[in-house]
Trainee: 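I am attaching a structure below and will ask some questions about it afterwards.
Letters A, B, ... are given to chains in the order of the sequence lines, protein chains preceding strands, and every chain is numbered from 1.
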Amino acid sequence: MKNLDPSFNEKCYALLQKIPQGKVTTYKKIAKALNTKAYRAVGNAMAKNDQLMVIPCHRVIKSNGEIGNYRLGVTQKKNLLEKEGLVIKNNRVEHLSEVIYRFEN
DNA sequence: GGCGTGACCCCAT
DNA sequence: TATGGGGCCACGC
């Protein structure tokens with residue numbers, strides 16, 4: 001089976017826009033929601049995202065609870081997350097299970 | 001059409 | 001708990 005029109009990136013972006021403020025998700029969950037194991041590709045999609053104002057890619061963290069990376073730098077990412085009410089300590093999100101967002105899946 | 005890259009993940013030590 | 005090594009997939013050249 002091949003990928004059709006909406007490139008992988010587009011699908012990722014669509015999912016990201018579903019994430020409410022104050023909630024976060026992981027690269028793996030996104031891939032899972034797309035029925036694939038391309039966690040790597042998900043990260044790539046984020047890296048190529050220019051619409052930082054439209055696509056909340058800062059709400060995507062690693063599965064192990066670490067912040068991960070960000071186009072504008074990890075510091076900026078942490079700042080944004082804290083602003084949304086998350087508790088971050090040593091590059092890690094606390095109470096992860098309470099702020100994690102599941103794509104209704 | 002093949003190869004390297006990357007905002008990752010998992011397991012073993 | 002921390003570190004290292006291998007595997008995974010889509011994208012661009």
Trainee: Residues in side chain to side chain contact (heavy atoms under 4.5 Å, CB included) with A/N44, at least two apart?
Mentor: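 Here no residue qualifies.
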Trainee: Take the protein atom NZ of A/K48 and the nucleotide atom P of B/dT5, then report the distance between them rounded to whole Å.
Mentor: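 Checked: the NZ to P distance equals 14 Å.
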Trainee: Base, sugar-phosphate, or nothing: which does A/A38 touch, judged by heavy atoms less than 4.0 Å apart?
Mentor: sugar-phosphate
Trainee: Taking only residues two or more places apart in sequence or in another chain, which ones pass side chain to side chain contact (heavy atoms under 4.5 Å, CB included) with A/N9?
Mentor: A/S7, A/Y13, A/A45, A/K48
Trainee: Show, in sequence, the C-alpha distance, side-chain angles and deciding distance for A/F103 and A/I19, and conclude whether the side chain to side chain contact (heavy atoms under 4.5 Å, CB included) test is met.
Mentor: CA-CA 8 Å; A/F103 297 100; A/I19 304 175; 4.0 Å; yes
Trainee: Using whole Å, what does the distance between atom C1' of nucleotide C/dC9 and atom CG of A/N9 come to?
Mentor: 12 Å
Trainee: Within a radius of less than 6.0 Å around CZ of A/R71, do more than 12 heavy atoms belonging to other residues, nucleotides or ligands occur?
Mentor: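 Yes, the 6.0 Å shell around CZ holds more than 12 heavy atoms from other groups.
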Trainee: Once rounded to the nearest 0.5 Å, what's the spacing between atom CD of A/Q51 and atom SG of A/C57?
Mentor: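 Output value for this atom pair is 10.5 Å.
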Trainee: Whole angstrom is fine here: how far is it from NZ in A/K32 over to P in C/dC8?
Mentor: 17 Å
Trainee: To the nearest 0.5 angstrom, please state how far the CD1 atom of A/I30 sits from the OH atom of A/Y101.
Mentor: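 One finds 11.5 Å between CD1 of A/I30 and OH of A/Y101.
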Trainee: Test A/K28 against A/V42 for side chain to side chain contact (heavy atoms under 4.5 Å, CB included), laying out the working first.
Mentor: CA-CA 8 Å; A/K28 182 184 173 185; A/V42 175; over 6 Å; no
Trainee: Please list, in numerical order, the residues of residues 70-95 of chain A that have a heavy atom closer than 4.0 Å to any atom of DNA chain C.
Mentor: A/R92
Trainee: Examine distances only and state if a side-chain atom of A/K77 and a backbone atom of A/I67 form a donor-acceptor pair shorter than 3.5 Å.
Mentor: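 Present.
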Trainee: Is there a chain of hydrophobic side chains (I, L, V, M, F, W, Y, each step under 4.5 Å between heavy atoms) that links A/V24 to A/V74?
Mentor: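 Same cluster.
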Trainee: Let me check something: any side-chain donor-acceptor pairs from residues 80-88 of chain A under 3.5 Å, sequence neighbours excluded? List them with distances.
Mentor:
unit_1, atom_1, unit_2, atom_2, d
A/E84, OE1, A/G22, N, 3.1
A/E84, OE1, A/R59, NE, 2.9
A/E84, OE2, A/H58, NE2, 3.1
A/E84, OE2, A/R59, NE, 3.2
A/E84, OE2, A/R59, NH2, 3.0

Trainee: Starting at CG of A/N35 and ending at C1' of C/dC9, how long is that distance when rounded to a whole Å?
Mentor: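 Rounded to whole Å, this separation is 14 Å.
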Trainee: Taking CZ from A/R59 and C1' from B/dA7, how many angstroms apart are they, rounded to a whole number?
Mentor: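 From A/R59 CZ to B/dA7 C1': 16 Å.
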Trainee: Rounded to whole Å, how long is the line connecting atom CG of A/D50 with atom P of B/dA7?
Mentor: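 Taking CG of A/D50 and P of B/dA7, I get 14 Å after rounding.
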Trainee: Does any non-hydrogen side-chain atom of A/T26 lie less than 4.5 Å from one of A/Y39?
Mentor: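 No, too far: nothing below the 4.5 Å cut-off.
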Trainee: At under 4.0 Å between heavy atoms, what does A/N49 touch on the DNA or RNA strands: base, sugar-phosphate, or nothing?
Mentor: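 Answer is nothing: A/N49 stays at 4.0 Å or more from every strand.
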Trainee: Treat primed atoms plus P, OP1 and OP2 as sugar-phosphate and everything else as base, then score nucleotides 8-13 of chain B 5' to 3': B for base contact with protein heavy atoms under 4.0 Å, S for sugar-phosphate contact only, - for none.
Mentor: BSS---
Trainee: Send over the distance from A/M46 CE to C/dC11 P, rounded to a whole Å.
Mentor: 12 Å
Trainee: Look for any protein N or O under 3.5 Å of an N or O in nucleotides 1-3 of chain B and output each such pair with its distance, or none.
Mentor:
none

